[in-house]
Asker: 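Here's a structure for you.
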There are 2 protein chains.
Amino acid sequence: MFFLKELPTKAMLDKYTSALTNHEKNSIAEAFSIMRQASLLVRSINTHFSANNLSQLRFLILIVIDREPDRTSLYAHEIASRLDVSRPVLTRTLKRLIEEGLLISTHDETDKRAKNISLTKKGMTCLSKVLPGYFNEINKLMK
Amino acid sequence: MFFLKELPTKAMLDKYTSALTNHEKNSIAEAFSIMRQASLLVRSINTHFSANNLSQLRFLILIVIDREPDRTSLYAHEIASRLDVSRPVLTRTLKRLIEEGLLISTHDETDKRAKNISLTKKGMTCLSKVLPGYFNEINKLMK
DNA sequence: GAATTATGGTTACCATGGTAACTATATTTA
DNA sequence: TAAATATAGTTACCATGGTAACCATAATTC
C-alpha cells in the first residue's frame with residue numbers, strides 16, 4: 001500500500017516541498033517511514049495469513065468476535081462498527097467465512113433485519129492456529 | 001489495510017500473548033499503532049488521489065520518473081525495481097497511464113524487450129496539481 | 001553456434017478494497 | 001396511524017492487489 005522501496009532523501013524531498021516549513025518536512029518524512037514500515041508489516045502478515053486461508057480482514061472479524069467480553073456473538077452491524085471497512089466488503093467477507101464454516105449466522109427474533117454472527121469450533125481452531133505465527137511475524141519485523 | 005478502529009488494550013492483548021515477553025508485547029502494540037496510523041494516512045491520501053484520478057501506485061510511478069536525476073525516462077523494469085509491486089500490476093497500471101496520456105512508451109532499439117517510459121506534459125501537470133494537496137493531507141494527519 | 005538460462009514483459013484469473021443504488025425492517029414524526 | 005426517516009444488509013460494478021503460466025529477446029554456457 002506504500003510501494004516505494006527507497007524512501008526519498010531529504011534532498012529529494014526538498015525538490016517537492018520547498019514551500020513547506022522544516023517541521024512539515026519532518027512530518028512528511030516520518031509519514032513516509034510509518035507507511036513504509038506498515039507496508040512491510042502488512043506484507044508479511046498477509047503472507048502468513050494466506051498460508052492459512054485468512055486475510056487481515058478475515059482475521060480481524062474472527063478476533064473481534066472472540067475478544068468480546070461476556071458474549072459469544074456479535075451482530076453484523078456491531079462488527080462493522082468495530083472495523084473500518086465498507087459494508088459491502090463486510091457482507092461479502094462474512095458470507096465467505098460462513099460458507100467455509102468459520103462463522104455461523106442466526107436470525108434475530110426481535111430485529112428481523114439483523115444477523116447474529118458467532119464463531120464455530122472451526123473458526124476458533126483457525127484463530128488459535130494462526131495467532132502464534134501472527135505475533136511471531138510482527139516481532140520479527142519490529143526488530 | 002489495518003481495519004481495527006480501536007486498538008486492543010494491554011489487558012486485551014494479554015489474552016492472546018500470555019506466552020510472550022514484555023518486550024515482545026510492546027513491539028506488538030507498537031506495530032498495531034504503526035499499522036493503524038498508516039491506514040489512516042493511506043485512506044486520506046487515497047481520497048485525495050482519487051479525486052484527481054490517481055492512486056498511490058499511479059502517483060508513485062509518476063514520481064519515480066520525475067524525480068530521477070539527469071534522466072527524463074525510465075525503463076519499465078527500472079520502475080519495477082524502485083516500487084514494491086508485482087510485475088503484472090505494474091504492466092496494467094502503466095498501460096492505463098499511457099492510455100490516459102500521462103505517460104508515453106517508446107521501444108528500445110538495443111533491447112527489443114524493453115519499454116522506455118516517460119512523463120508527458122499532461123503527466124507532469126497532473127503531478128504538480130496533486131502534490132500540494134498530497135503534502136497537505138499528510139501534514140493534517142500527522143498532527 | 002546450439003542449447004540453456006536469465007530477463008523484460010504480458011495474459012489469465014482470482015481476492016479484496018471501494019461507491020452507488022437498492023430492499024427490508026424499525027423508528028420517528030407529523 | 002400514515003408518511004418520512006433511519007438502520008441493517010445486499011447487489012452490481014469497478015479499481016487495484018496478488019500468483020501462475022506464458023511469450024519474446026538477451027546473455028551465458030557447453
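Per chain, numbering begins at 1; letters A, B, ... match sequence-line order.
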Asker: Determine the contact category for A/T110: base if any of its heavy atoms lies under 4.0 Å from a base atom, sugar-phosphate if only primed atoms, P, OP1 or OP2 are that close, otherwise nothing.
Answerer: sugar-phosphate
Asker: State which of C/dT16, D/dT10, C/dT11 makes the closest approach to the side chain of A/R58.
Answerer: C/dT16
Asker: A/R43 CZ to D/dG17 P: how many Å, rounded?
Answerer: 10 Å
Asker: Please state whether the phosphate of C/dG9, meaning OP1 or OP2, lies under 4.0 angstrom from any side-chain nitrogen or oxygen of B/H77.
Answerer: yes
Asker: OP1 or OP2 of C/dG17 sitting under 4.0 Å from any side-chain N/O of A/S86?
Answerer: no
Asker: Closest to the A/S55 side chain: C/dT16, C/dA26, D/dG9?
Answerer: C/dT16
Asker: Given D/dG9, C/dT19, C/dT25, identify the nucleotide with an atom nearest to the side chain of A/K112.
Answerer: C/dT25
Asker: Closest approach to the side chain of B/T91, judged atom by atom: which nucleotide of C/dG17, C/dA20, C/dT10 is it?
Answerer: C/dT10
Asker: Between D/dT7, C/dG17, C/dG8, which nucleotide has the shortest distance from any of its atoms to the side chain of B/D111?
Answerer: C/dG8
Asker: Do any side-chain nitrogens or oxygens of A/R87 fall under 4.0 Å of OP1 or OP2 in D/dG9?
Answerer: yes
Asker: I want to verify a distance call: between C/dG18, C/dT7, C/dA12, whose nearest atom is closest to the A/V85 side chain?
Answerer: C/dG18
Asker: Which heavy atom in A/L4 sits nearest to a heavy atom in B/R67, and how many Å separate them?
Answerer: CD2-NH1, 3.7 Å
Asker: So what does B/F49 touch, heavy atoms closer than 4.0 Å: a base, only the sugar-phosphate, or nothing?
Answerer: nothing
Asker: To the nearest Å, give me how far apart CZ (A/F59) and P (C/dG17) are.
Answerer: 14 Å
Asker: Counting any heavy atom closer than 4.0 Å, what does B/K115 reach on the DNA or RNA strands: base, sugar-phosphate only, or nothing?
Answerer: sugar-phosphate
Asker: Given C/dG9, C/dT16, D/dG9, identify the nucleotide with an atom nearest to the side chain of A/R96.
Answerer: C/dT16
Asker: For the base of D/dG18, is there a side-chain donor-acceptor partner from B/R92 under 3.5 Å away?
Answerer: no
